[in-house]
S.K.: 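Got a structure here, written out as structure tokens. Questions coming.
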Amino acid sequence: MQLRIRGSSTANALTPRAHHIHSHSHSHSLSLSLSHPHSPPQWFSILRHAIEASDLPLGKRAHARILTSGHHPERFLTNNLITMYAKCGSLSSARKLFDATPHDARDLVTWNAILAAYAQADNPYDGLHLFRLLRHSALSTTRHTLAPVLKMCLLSGSSFASASLHGYALKIGLLWDVFVAGALVNIYSKFGRIREARLLFDGMAVRDVVLWNLMMKAYVDTCLEHEALLLFSEFHRTGLRPDDVTLRTLARVGMSRNTAFESQLKQLRAYATKLFIRNGDDSDVIAWNKTLSRCLQRGEAWEAVNCFRDMIKSSVACDSLTFVVMLSVVASLNCLELGKQIHGAVMRRELDQVVSVGNSLINMYVKAGSVSRARSVFGQMNEVDLISWNTMISGSALNGLEECSIGFFVDLLRDGLLPDQFTIASVLRACSSLEQGCHLATQIHTYAMKAGVVLDSFVSTTLIDVYSKSGRTEEAEVLFVNQDDLASWNAMMHGYIMRDDFHKALRLYKILHESGERGDGITVANAAKAAGGLVGLEQGRQIHAVVVKRGFNLDLFVISGVLDMYLKCGEVESASRVFTEIPSPDDVAWTTMISGCVENGQEDHALSTYHQMRLSRVQPDEYTFATLVKACSLLTALEQGRQIHANIVKLNCAFDPFVMTSLVDMYAKCGNIEDARGLFRRMNTKRIASWNAMIVGLAQHGNAEEALQFFKDMKSRGVTPDRVTFIGVLSACSHSGLISEAYENFYSMQKNYGIEPGIEHYSCLVDALSRAGQLLEAEKVISSMPFEASASMYRTLLNACRVQVDKETGKRVAEKLLTLEPSDSAAYVLLSNVYAAANQWENVVSARNMMRKVNVKKDPGFSWVDLKNKVHLFVAGDRSHEETGLIYNKLEYVMKRIREEGYVPDTEFALVDVEEEDKECSLYYHSEKLAIAYGLIKTPPSTTLRVIKNLRVCGDCHSAIKYISKVFKREIVLRDANRFHHFGSGICSCGDYW
DNA sequence: ATAGGGTTAG
């Protein structure tokens with residue numbers, strides 16, 4: 001029995017010679033176990049049975065009965081129990097038993113057993129630690145100790161540990177053991193240290209076939225074909241008989257392009273084939289299948305293909321398992337042609353009616369992207385099982401055929417089959433990519449409950465994903481409770497991110513961290529995204545550090561997330577640094593970089609990055625183009641836009657609704673309404689955003705009738721307008737003085753479409769009334785709406801008073817505007833213009849004088865600044881900050897300094913020319929000034945300040961910040977609700993257009 | 001032989 005244990009653990013460590021060990025050890029095991037004096041023999045046979053069947057519960061029951069039988073298990077039985085736990089996959093129980101065994105009760109076999117357990121469980125670090133403890137004890141070791149230890153060296157990838165083991169083996173005289181030497185040769189060659197392997201090999205006095213094989217394989221693996229051939233000749237001269245491993249190793253010589261040894265290779269192949277036939281008995285189908293599946297497990301797919309070719313050439317008949325394995329190999333290679341060839345081979349051998357083979361064919365075809373071929377295999381099977389159905393369901397979903405996937409699910413139910421967790425998870429996957437899939441998912445949820453698989457972690461994770469995607473976060477949260485599966489955590493994090501709840505997402509990340517779990521690349525990518533959403537640069541940097549430390553920066557998914565985080569924080573330079581360190585960026589990484597430039601107002605940089613992308617021969621996709629077109633639109637760069645358009649057509653992206661919509665928008669914003677119209681007409685799928693771009697574009701160009709015509713067409717085609725549509729419609733009305741239409745739409749929006757008017761809609765209405773001269777009516781609308789009036793509304797109205805020469809209303813409106821915006825020069829300028837139009841020059845002068853006395857007072861709205869990882873938030877006239885005195889003093893000083901430099905609170909030009917953009921202007925101005933003042937106090941000179949504002953920056957603040965950047969020599973990055981503004985040396989990256 | 005979570009856009 002003891003030998004059996006050792007034997008099998010050795011077999012695990014030195015896989016190439018597995019068959020040797022089994023044949024040597026078996027006879028000993030029986031005689032020993034039966035003749036052992038102290039333990040009742042039935043325990044051993046039960047334990048052996050548990051090991052063979054991998055039956056952990058049986059083993060545990062046996063252990064329990066041994067304990068309850070009153071006898072403390074002595075050493076021999078304990079060793080067997082440890083082995084049983086190891087073989088049945090419970091490393092923790094094995095270790096518990098080992099720890100419970102007193103030190104003086106442990107013998108070498110105990111140690112070997114626990115070491116073998118760690119080797120088998122692929123847990124090299126803890127196992128190697130145990131080995132260090134063993135070395136400190138007085139026990140002397142044998143090859144059976146070294147075998148698992150060497151395997152763990154291989155697993156741990158530690159060449160240092162292997163070198164020290166080499167020395168240790170030499171010291172205790174075990175290096176001359178072919179088992180030990182073979183393992184070392186194998187390790188050295190796996191670490192690429194082939195010369196050390198050869199040195200060891202050459203030093204061996206006795207070498208067996210396995211050792212030769214290992215050395216030859218080392219050469220073949222490293223493409224040292226000439227050395228492999230030389231070694232083979234040497235081997236041949238020893239007269240040792242080559243085995244099938246030798247032959248298969250040789251068969252791989254010549255796979256590389258190197259043709260220098262063509263004739264030698266031919267000889268070798270002929271020789272190998274002859275030997276294969278002679279070795280017929282050794283190379284039966286089972287051995288071949290074993291080799292194939294070993295290749296599959298190691299991910300060496302092409303090696304498996306080559307091996308399969310050799311197998312076909314030999315006289316061995318492939319069986320169904322051969323094809324199951326090979327089809328799995330091909331599925332991983334995603335190679336349709338090869339798959340078809342193997343399908344042909346299956347048909348010739350009439351194995352297509354074996355269910356497992358049929359299922360493998362289906363799987364291979366769906367993985368290769370051919371659902372139709374999979375379906376035809378499915379249809380031709382006489383007998384199908386649940387796996388066949390599941391593969392069709394998941395395969396259809398995988399290939400974007402969601403309806404088809406759901407169809408299979410329905411058919412399955414109709415056939416009276418009970419879905420299992422695979423079925424449910426697969427069909428839910430289809431729902432999750434379906435736009436209206438949530439309702440369906442709810443139904444499938446009830447099926448999952450009926451089938452009792454809701455607690456399955458795959459099922460619940462997919463449900464969390466589906467519910468999050470459709471905004472039903474609460475339902476997702478319910479499912480997430482008690483989930484201990486990392487994928488669920490990731491899905492939940494992503495769910496929060498999708499609804500912009502970045503705080504909650506980061507909280508999950510923190511909880512995970514604090515519980516000792518580190519998460520994986522996806523976790524960290526999610527965390528980066530959340531940090532980006534919060535513009536939390538410090539947190540983002542920490543996450544970036546984790547990414548680098550754990551090697552996730554090689555994962556394009558993850559590093560693109562980090563890139564995006566920096567860009568969302570306005571850190572274009574950091575992003576560029578990260579980007580240049582990506583070995584070969586893909587389309588997404590490039591697009592992230594380009595879109596980040598656009599978001600940060602560096603449209604030129606975006607376009608030049610695009611040209612680099614073309615040079616690097618990465619194909620842009622529809623995301624890239626949508627972004628680029630936006631850049632052109634912001635730059636009003638019609639020519640560049642046209643060139644990009646040509647690229648879009650050339651690269652077949654002219655069918656994507658996103659791209660086309662942004663093109664329509666670009667042409668319209670660039671003033672080329674004809675091309676916008678033409679493009680729009682030719683669009684196949686017109687989404688709501690496409691219509692909106694057209695309607696808003698036409699309205700902006702004052703082409704109201706046509707805008708309303710488009711609106712009509714849109715409705716008649718069954719497209720439901722949204723709030724953006726009505727902004728376009730109402731602004732179109734206002735531009736053409738269509739008051740009754742404006743009212744009509746304003747009410748129809750609520751009554752027929754259930755859209756509550758926002759402040760933008762009211763703005764349009766007020767604008768329309770003002771322009772039409774209905775000043776009192778406009779005032780009435782303002783006072784009746786459920787919002788605080790915005791300053792821009794009053795400004796519009798005041799301007800209308802000037803045009804209408806209505807100084808009574810004008811005065812009233814100016815007063816209201818001034819209570820809202822005491823420091824807003826616009827009010828004074830407009831008011832003075834009203835008086836000027838009425839020829840009341842004294843009042844003009846007094847209005848101008850009032851303006852000069854302006855002080856900064858109320859400042860609701862909020863802005864925040866992130867200093868030393870703490871967010872400082874400022875709201876209207878905020879005096880709650882602990883350093884408020886300092887801040888206000890600084891601000892006074894700042895305003896004084898910039899006035900000296902020429903700052904005038906706003907300019908007259910900006911005031912009389914009130915355009916659409918101004919309507920969304922912040923109701924509360926100066927929170928950003930407070931934030932900047934605090935930033936100036938708290939950071940050393942020339943540090944870049946980053947301020948974020950919840951609303952759009954207004955003209956006055958914009959102008960002030962330009963001066964601040966000049967006077968105080970600071971880069972100031974302001975992110976407002978709309979875009980980034982990079983201020984420096986008195987100018988802003990937006991070119992004063994936003 | 002079958003199932004889950006991730007990066008870019010209007």
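Numbers restart at 1 for each chain; the letters A, B, ... are given by sequence-line order, proteins then strands.
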S.K.: Please give, in whole Å, the distance from dA3(B) C1' to N390(A) CG?
M.R.: 8 Å
S.K.: Can you find a side chain N or O atom of N363(A) that sits less than 4.0 Å from OP1 or OP2 on dT2(B)?
M.R.: yes
S.K.: Rounded to whole angstroms, how far apart are CE on M492(A) and P on dG4(B)?
M.R.: 19 Å
S.K.: Would you indicate, yes or no, if dG5(B) has its OP1 or OP2 atom less than 4.0 angstrom from a side-chain nitrogen or oxygen of H494(A)?
M.R.: no
S.K.: Describe the nucleic acid contact of S388(A) in one word from base, sugar-phosphate, nothing, applying a heavy-atom distance below 4.0 Å.
M.R.: nothing
S.K.: Under 4.0 Å between a side-chain N or O of R429(A) and OP1 or OP2 of dG4(B)?
M.R.: yes
S.K.: Does E571(A) come within less than 4.0 Å of R541(A), counting only side-chain N to carboxylate O?
M.R.: yes
S.K.: Have a look at K367(A) and say if it touches a base, only the backbone sugar-phosphate, or nothing, with a 4.0 Å heavy-atom cut-off.
M.R.: sugar-phosphate
S.K.: Please determine whether a side-chain nitrogen of the Lys or Arg among K630(A) and E599(A) lies less than 4.0 Å from a carboxylate oxygen of the Asp or Glu.
M.R.: yes
S.K.: Tell me whether the ring of F557(A) lies stacked over the dT7(B) base, given a 5.5 Å limit on centroids and a 30° limit on the plane angle.
M.R.: no
S.K.: Would you indicate what L563(A) reaches in the nucleic acid, counting non-hydrogen atoms under 4.0 angstrom: base, sugar-phosphate, or nothing?
M.R.: nothing
S.K.: List, one per line, each side-chain donor-acceptor pair under 3.5 Å for residues 362-372 of chain A, sequence neighbours excluded.
M.R.:
{"unit_1": "N363(A)", "atom_1": "OD1", "unit_2": "K367(A)", "atom_2": "NZ", "d": "2.9"}
{"unit_1": "Y365(A)", "atom_1": "OH", "unit_2": "H343(A)", "atom_2": "ND1", "d": "2.7"}
{"unit_1": "S370(A)", "atom_1": "OG", "unit_2": "R373(A)", "atom_2": "N", "d": "3.3"}
{"unit_1": "S370(A)", "atom_1": "OG", "unit_2": "R373(A)", "atom_2": "NH1", "d": "3.3"}

S.K.: Please report the distance, rounded to the nearest Å, between OH in Y610(A) and P in dA9(B).
M.R.: 17 Å
